[in-house]
Number of protein chains: 2
Amino acid sequence: MADVKSGTNPLFLREEELRQSIELLFFAYRDFTDGPDQILKDYNFGRAHHRVIHFVGRNPGITVSELLEILRITKQSLSRVLNALVERGFVEQKAGVSDRRQRLLYLTDEGKVLERKISHVQQQQVAKAFREAGGEAVAGYRKVLEGLINEADRDKALSRIMKK
Amino acid sequence: MADVKSGTNPLFLREEELRQSIELLFFAYRDFTDGPDQILKDYNFGRAHHRVIHFVGRNPGITVSELLEILRITKQSLSRVLNALVERGFVEQKAGVSDRRQRLLYLTDEGKVLERKISHVQQQQVAKAFREAGGEAVAGYRKVLEGLINEADRDKALSRIMKK
DNA sequence: GATTTTACGTCAGCCATGTTGACTTAATTT
DNA sequence: AAATTAAGTCAACATGGCTGACGTAAAATC
């Protein structure tokens, strides 16, 4: 009991630290998505469109099924969002060369402009946090986030992130 | 050009690092919410219910308006979720003592059980990532996430997280 | 060459969770 | 006594998930 009150119970401390870290992630993510959300509003796009724009921008020529795997949503959900982006000229589809069933996805020039506009805001925000925290903290941040990614497809996810 | 190709252009490097860090946060958050989501399914609850359970659990006696401020949703959105939790006996409301207009929120015993069940899974996941990354990395992780919180209400958010 | 599988698409309907706007009630403050 | 505040409610709508069923063209397999 004295342990709990004085805060020297390691289990208690650990749990409290974990709770704080979990809440921290909630608040950080909440504000992390805020900038993009504001811009997307002007285009009548939502977060779902942003995710597509982001991953197509980062992976030109990505196939529909690869995108589905990353986003972990159904093709019916994706289609709504993707069709809107194609119809409004932000994304274009080209038939695959080796496999013509595939629809390879690319940002149009207009899509690239929007992508840069959105990611710029987000990059500024992250850059500020990085500058304030310092290089060592950034390395720690990345290490922990990597560890939070599901072990089953961590390697796949990380190689997608770090590639090129 | 040689700079870009060899990767020594600091601006290019910076942007690439930022992009990676942004994507990392996306993947980490995606998997971070997965464990709770699975448990909540069994109760026919969703992420919105989880957020309420979490913040009521962490802040016994929190008022509705405080909760609204944290979650940044409308009271109409909250009411749907909160009513379900009250009706099904996970949350209870008591009139405020100094201000009887307030409805102070508490987890019931059943609510506490569910809260612990969910947070346990999430804490295990975070604890594992922390162990693998090491104490210094954890400090960095926290520092960066703090910096990602909107400056306008960072102090308020942090004092809520770290309090007690 | 015929059959099966794969990549992708579509239609239809449902559910969770967010939104706005208008209005009510009870309690507190001015 | 009047105004403000905390909370709730009704209604309607948007977004973005989901399942299930079915279609088409291209590739892979038997």
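Keep in mind it's a predicted model, so treat the numbers as computed, not measured. Quick note on labels: first sequence line is chain A, next is B, and so on, each numbered from 1.
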Separation of D:dC18 C1' from B:Asp37 CG (nearest whole Å): 14 Å

For B:Lys117, does its backbone N or O pair with a side-chain atom of B:His120 as donor and acceptor, under 3.5 Å? no

Tell me whether the OP1 or OP2 atom of D:dT9 has a side-chain N or O from B:Asn83 closer than 4.0 Å. yes

Report the distance from atom NE2 of B:His50 to atom C1' of C:dG18, rounded to the nearest whole Å. 19 Å

For D:dT5, does OP1 or OP2 lie under 4.0 Å from any side-chain N or O of B:Ser65? no

A:Phe45 CZ to D:dA14 C1': how many Å, rounded? 15 Å

Side-chain contact check for A:Val64: nearest option of C:dT17, D:dA7, C:dG9 is C:dG9

Please determine whether a side-chain nitrogen of the Lys or Arg among B:Arg160 and B:Glu66 lies less than 4.0 Å from a carboxylate oxygen of the Asp or Glu. no

OP1 or OP2 of C:dA16 versus the side-chain N and O atoms of B:His49: is any pair under 4.0 Å? no

Any base atoms under 4.0 Å from A:Glu66, or only sugar-phosphate, or nothing? Heavy atoms, all strands. nothing

Nearest atoms (heavy-atom pairs only) where A:Val138 meets B:Glu17: CG1-OE2, 3.6 Å

What string of B, S and - do you get for nucleotides 19-30 of chain C, 5' to 3', when a contact is any protein heavy atom under 4.0 Å? BBBB----BS--

Compare the minimum distances between each of C:dG18, D:dA7, D:dG16 and the side chain of A:Ala48, then state the nucleotide with the smallest one. D:dG16

Does B:Ser79 place a side-chain N or O at less than 4.0 Å from the phosphate oxygens OP1/OP2 of D:dA7? no

Round to the nearest Å and state the distance from B:Leu67 atom CG to D:dA6 atom C1'. 14 Å

In this structure, how many angstroms lie between the P atom of C:dC8 and the CD1 atom of A:Ile62, rounded? 10 Å

Spacing of B:Leu40 atom CG relative to D:dC18 atom C1', expressed in whole Å: 17 Å

Atom CG of A:Leu105 to atom P of C:dG9: distance rounded to whole Å? 8 Å

Given DNA chain D, 5'-ward residue of the pair B:Arg103 and A:Gly46, judged by closest heavy atom: B:Arg103

Take the protein atom CD of A:Gln38 and the nucleotide atom P of C:dG18, then report the distance between them rounded to whole Å. 16 Å

Any donor-acceptor pair under 3.5 Å from B:Arg19 side chain to A:Arg58 backbone: no

Please say whether the positively charged group of A:Arg14, taken as NZ for Lys or CZ for Arg, lies over the ring of B:Phe130, i.e. under 6.0 angstrom from the six-membered ring centre and within 45 degrees of the axis. no

B:Tyr29 and A:Tyr29 aromatic ring geometry - parallel, tilted or perpendicular at 30°/60° bounds: parallel

Is it true that a side-chain atom of A:Arg154 and a backbone atom of A:Glu146 form a donor plus acceptor pair closer than 3.5 Å? yes

